[in-house]
Protein chains: 2
Amino acid sequence: MKDGPNIAPIAALIGDPARANILTALMSGKALTATELAGEAGVTLPTASTHLSKLVTGGLLTKRHQGRHKYFAIATDQVAETLEVLMGLAAGTGHLRTRTGPRDQAMKTARVCYDHLAGDLGIHLYDSLISRDVLRDHAEFPEITTTGGDQLARLGIDLEALTKAKRPICRACLDWSERRTHLAGGLGKAILDIVLKSNWAKRDPDSRVIRFSDAGKAAFLTAFPIERNSSA
Amino acid sequence: MKDGPNIAPIAALIGDPARANILTALMSGKALTATELAGEAGVTLPTASTHLSKLVTGGLLTKRHQGRHKYFAIATDQVAETLEVLMGLAAGTGHLRTRTGPRDQAMKTARVCYDHLAGDLGIHLYDSLISRDVLRDHAEFPEITTTGGDQLARLGIDLEALTKAKRPICRACLDWSERRTHLAGGLGKAILDIVLKSNWAKRDPDSRVIRFSDAGKAAFLTAFPIERNSSA
DNA sequence: GCGATGCTTCGGCCATCATCAAACTATGAA
DNA sequence: TTCATAGTTTGATGATGGCCGAAGCATCGC
């Protein structure tokens, strides 16, 4: 009768407003302390602490000790992916937190999705890599072509190091704002790192928004053009 | 501060055990009555009724009147997709409902994911269509090639009718058992219909399992071979 | 009309769980 | 050591919400 995974405990874990706020805040990809997360969630420290321990034992978060601070972060890519899909569904059924405003517009243009680039520019990046045959679409996990590997190396990406890591290098991730694919996984993070290191854009400290300067956006579009001459 | 969609209400809706059971039962793709769902959820009819009305107002289910029966079904592909991803996460964090047994083995081999084929054979189908260039991977929404359209027509699939429907024809859907892609959307449903109509397989009435006969499985593999001569 | 079936609503009971204040532990700094 | 900051645990409170029985509608068949 009962078959397949049991989704209720996980969903219930995410379903509490305070915990949902904590998880949403951690979708910024940054690890945050219990005190910071209490502020994000709008509850006192003790309350946040119990929530955090539940999220950790539930496998959604990891805890890292650093002196007297304890940093919490999203546990796995799979958790981040699930949250993103839930955001898509929430957006689709009209459960938006705020009315559209300038912040939302910036979110739509460029934001972090856990640790990689999402939004319009994230989609552009993905389309560029596909159109230039750097990546080849292969179901949920795109593959890097041999010529693509060279191009990525020229950008300063150490593919060998990425290969060694246990997380997938490439993963397709679906935008809640656009319902289109952008690039997640180790490569997605590596490229976002380049964007930030090149000062093309800065992370908004209070949100998941990524703010490109005009010059930075131009440089980004030049580095990742879309080539239309490749055969469909 | 608060940005992006609000996932808490949706997750809370899914997070109740009775409601999760209802949703999981409806992942069979079949529309079920309130009484049937009460049995699936293990609660009395009044309790199920309140749950169902919450799920409908929450946008997760649709209600269809048919005489004095009321049939409930998953509202959209997006809802089905979200549930599937949640199942993947639940499986990954060890929240399995049952220990692996014969039923689970059958589920792994072939099952319905909402209204299309999932499991090992679902993945095989997808790989076959890609390898034979019937479909071309295009992010989350694969495209049917022109030659592929002819081949599908030869199987008796009315692509024009599918095109008219509002739902996407092709959608990539991720398996919780395999973490690989299979085919969802209108085409996925159409092919499953053919499999059932050809008596290659039957649906288990009590679960999401699809049971292939030996001959049926052979016919299925013949109809959807994997060609290895196409260049990677 | 009548009864029967399928579902919804109402009322009240009960358990769970989120919440916070206060006490406690642990780490770091002076 | 002593104080301060970060976090956890405890205990009590309160509210939300699931649950069921009983009553109320609605639809079908006769």
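Note on naming: letters A, B, ... go to the chains in the order of the sequence lines (proteins, then strands), and numbering restarts at 1 for each one. What's counted below: heavy atoms across the whole structure, side chains too, no hydrogens, waters or symmetry copies.
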Angle of first-five versus last-five pair axes in the helix from C:dG1-D:dC30 to C:dA30-D:dT1, to 10 degrees: 30°

Flag, side chain of A:Thr47 to backbone of A:Val43, donor-acceptor distance under 3.5 Å: no

Phosphate contact (D:dC20 OP1 or OP2) by B:Thr47 side-chain N/O below 4.0 Å: yes

Donor on one side chain, acceptor on other, A:Thr50 and A:Ser53, under 3.5 Å: no

Residues in contact with DNA chain D, drawn from residues 27-38 of chain B - heavy-atom cutoff 4.0 Å: none

CG on B:Leu32 to CG on B:Leu37, rounded to 0.5 Å: 5.0 Å

Ion pair A:Arg211/A:Asp204, N-O distance below 4.0 Å: yes

Gap between atom CE of B:Met27 and atom SG of B:Cys113 - 0.5 Å precision: 4.5 Å

Presence of A:His65 side-chain N/O under 4.0 Å of D:dA6 phosphate oxygens OP1/OP2: no

Spacing of B:Arg19 atom CZ relative to D:dT16 atom P, expressed in whole Å: 16 Å

Table of protein N/O atoms under 3.5 Å from nucleotides 22-29 of chain D N/O atoms:
none

Ring pair (Phe, Tyr, Trp, His ring centres under 6.0 Å) partners of A:Phe220, counting only residues at least two apart: A:Phe212, A:Phe224

Whole angstrom value for the distance that separates P of D:dG18 from CD1 of B:Ile22: 11 Å

Steps toward side chain to side chain contact (heavy atoms under 4.5 Å, CB included) verdict (B:Thr76, B:Leu60): CA-CA 7 Å; B:Thr76 64; B:Leu60 298 188; over 6 Å; no

Nucleotide D:dT16, atom P - distance to CG of B:Asp16 in whole Å: 17 Å

Separation between CD1 of B:Ile14 and CD1 of A:Ile7, rounded to the nearest 0.5 Å: 6.0 Å

Interface limits on DNA chain C, where chain B has a heavy atom under 4.0 Å of a nucleotide atom: C:dA4 to C:dT9

Pairs where residues 22-36 of chain B contributes a residue and the test salt bridge (charged side-chain N to carboxylate O under 4.0 Å, His left out) is met, not counting sequence neighbours: none

Where B:Gly186 and B:Leu162 come nearest, the two heavy atoms and their spacing: O-CD2, 4.0 Å

Pairwise side-chain contact, A:Leu61 with A:Leu23, heavy-atom cut-off 4.5 Å (strictly under): yes

Nearest-angstrom distance from the residue atom NZ of B:Lys54 to P of D:dT16: 12 Å

Rounded distance [0.5 Å steps], CZ in B:Arg203 versus CG in B:Leu196: 7.0 Å

Touch class at under 4.0 angstrom, heavy-atom based, for B:Ala18 against every strand present: sugar-phosphate

Atom pair NZ (B:Lys189) and NE2 (B:His116), whose distance is rounded to the nearest 0.5 Å: 11.5 Å

